[in-house]
Amino acid sequence: MSTTRKLLNDELDRLSAARFRESEKTPLIIVLDNVRSLNNIGSIFRSADAYRVEKIYLCGITAQPPHREIRKTALGATESVAWEYVENTLDAINLLDEQGYTTCAIEQAERSENLYGFSPAKNAKVAVVLGNEVKGVQQQIVDACHKVIELDQYGTKHSLNIAVCAGIVIYDIFNKISPLR
């Protein structure tokens, strides 16, 4: 039987929102392309906070904070993680390309690269695009990205929930590029 004691929240030495905004970030940007679920958006903010993601771009129909349903799952992460609304996802991709980010659509596609094999250099600037829960990343956005990355799956379903997928991608890329590791 385990004798390991769970830590209390005040023992976790977490950053305040103000300290988070001033802290060093992982050079990772998340682009949400027409994400419709407010709970998914909030969950992605929370994962972005956990791994000090640099910024989230909310594009198209993706809702923006403040919103009660986003706040419910974000648990305050909308106050710490930088975000910006850009109406046209392609404009966000072009801006990130100009700023030297490797843009990666997270999508099932021909000639996609498996996330496990994706190996950016330490401190590389990476932007990942996650798409609509039903339609995925728009084809024109897939075409505009430098890479298409896919998460391998072995069950009967053809996709993961976008918030789950985002959590896996953020964690994996954080471990590959973050100066915090």
Self-check item: Validation row: V137, I106 side chains within 4.5 angstrom (heavy atoms)
Solution: no
Quiz item: Should the pair K72-E69 be classified as a salt bridge under the 4.0 Å nitrogen-to-oxygen rule?
Solution: yes
Exercise. Start with the C-alpha distance between L15 and R52, add both sets of side-chain angles, then the distance that settles side chain to side chain contact (heavy atoms under 4.5 Å, CB included), and finish with yes or no.
Key: CA-CA 11 Å; L15 298 176; R52 287 200 214 167; 3.6 Å; yes
Quiz item: What's the verdict on side chain to side chain contact (heavy atoms under 4.5 Å, CB included) for L32 and N40, showing C-alpha distance, side-chain angles and the deciding distance?
Solution: CA-CA 10 Å; L32 300 182; N40 283 335; over 6 Å; no
Quiz prompt | Residue pair I149 / N114: nearest heavy atoms and the distance that separates them | solution = CG2-C, 4.3 Å
Self-check item: Hydrophobic cluster membership, L180 vs V169, 4.5 Å side-chain cutoff
Solution: yes
Quiz item: Can you tell me if T102 uses its side chain to pair, donor with acceptor, with the backbone of V126 under 3.5 Å?
Solution: no
Quiz item: To the nearest 0.5 Å, how far apart are OH in Y57 and CG in L95?
Solution: 4.5 Å
Practice problem: To the nearest 0.5 Å, tell me how far E22 CD sits from S16 OG. | Solution: 7.5 Å
Quiz item: Same cluster for I56 and I173 if Ile/Leu/Val/Met/Phe/Trp/Tyr side chains link at under 4.5 Å?
Solution: yes
Quiz item: Closest heavy-atom contact between A109 and V148?
Solution: CB-CG1, 3.8 Å
Quiz item: Which heavy-atom pair separates R71 from P66 by the least distance, and what is that distance?
Solution: NH2-CB, 3.7 Å
Practice problem: Would you check if the side chain of R46 reaches a backbone N or O of A77 as a donor-acceptor pair within less than 3.5 Å? | Solution: no
Exercise. Look only at the side chain of S43 and the backbone of T73, and say whether a donor-acceptor pair between them is shorter than 3.5 Å.
Key: no
Exercise. Determine yes or no for a side-chain-to-main-chain donor-acceptor pair under 3.5 angstrom, with E133 supplying the side chain and R36 the backbone.
Key: yes
Quiz item: Is the side chain of Y171 donor-acceptor paired with the backbone N or O of A166 at a distance under 3.5 Å, no angle test?
Solution: no
Exercise. Return yes when atom OH of Y85 has more than 12 non-hydrogen atoms of other residues, nucleotides or ligands closer than 6.0 Å, and no otherwise.
Key: yes
Practice problem: List the steps, then state whether side chain to side chain contact (heavy atoms under 4.5 Å, CB included) holds for Q138 with L90. | Solution: CA-CA 10 Å; Q138 298 175 71; L90 190 56; over 6 Å; no
Self-check item: Distance-minimising heavy-atom pair for Q108 and H158
Solution: NE2-O, 2.6 Å
Quiz item: To the nearest 0.5 Å, how far apart are CD1 in I141 and OG1 in T89?
Solution: 5.0 Å
Quiz prompt | Atom pair CD (E150) and SG (C165), whose distance is rounded to the nearest 0.5 Å | solution = 10.0 Å
Practice problem: Locate the shortest heavy-atom distance separating K25 from P179; write the atom from each residue and the value. | Solution: O-CG, 3.9 Å
Exercise. Taking atom CD of E11 as the centre, report whether more than 12 heavy atoms of other residues, nucleotides or ligands fall under 6.0 Å from it.
Key: yes
Quiz prompt | From T78 atom OG1 to W83 atom CH2, the distance as rounded to the nearest 0.5 Å | solution = 8.5 Å
Quiz item: According to a 4.5 Å side-chain heavy-atom criterion applied to Ile, Leu, Val, Met, Phe, Trp and Tyr, with indirect links allowed, do L96 and V142 form part of one hydrophobic cluster?
Solution: yes
Quiz item: Parallel, tilted or perpendicular: which fits the ring planes of Y51 and F174, with parallel below 30° and perpendicular above 60°?
Solution: tilted
Exercise. Enter the distance from L28:CG to K55:NZ here, rounded to the nearest 0.5 Å.
Key: 13.5 Å
Exercise. Kindly say whether K122 contributes a backbone atom to a donor-acceptor pair with the side chain of K176 at under 3.5 angstrom?
Key: no
Quiz item: Quick one: are H146 and D97 in side-chain contact, heavy atoms under 4.5 Å?
Solution: yes
Practice problem: Given side chain to side chain contact (heavy atoms under 4.5 Å, CB included), test N132 with D33 step by step and report yes or no. | Solution: CA-CA 6 Å; N132 179 275; D33 179 29; over 6 Å; no
Exercise. Indicate whether the side chain of N94 and that of E98 have a donor and an acceptor atom separated by less than 3.5 Å.
Key: no
Quiz item: Is I30 reachable from L75 through a run of hydrophobic residues whose side-chain heavy atoms are each under 4.5 Å from the next?
Solution: no
Practice problem: Would you check if the side chain of S47 reaches a backbone N or O of I44 as a donor-acceptor pair within less than 3.5 Å? | Solution: no
Quiz prompt | Any L58 side-chain heavy atom under 4.5 Å of P65 side chain | solution = yes
Self-check item: Nearest heavy atoms of A48 and I170, plus distance in Å
Solution: N-CD1, 4.1 Å
Quiz item: Under 4.5 Å between any side-chain heavy atoms of D152 and Y116, yes or no?
Solution: no
Quiz item: In the single-linkage hydrophobic clustering (I, L, V, M, F, W, Y; side-chain heavy atoms under 4.5 Å), do V31 and Y101 co-cluster?
Solution: yes
Quiz item: Can you tell me if CZ on R111 sees more than 12 non-hydrogen neighbours from other groups inside 6.0 Å?
Solution: no
Self-check item: Backbone of F45 reached by a side-chain donor or acceptor of D49 within 3.5 Å
Solution: no
Quiz item: Can you tell me if K147 uses its side chain to pair, donor with acceptor, with the backbone of E113 under 3.5 Å?
Solution: no
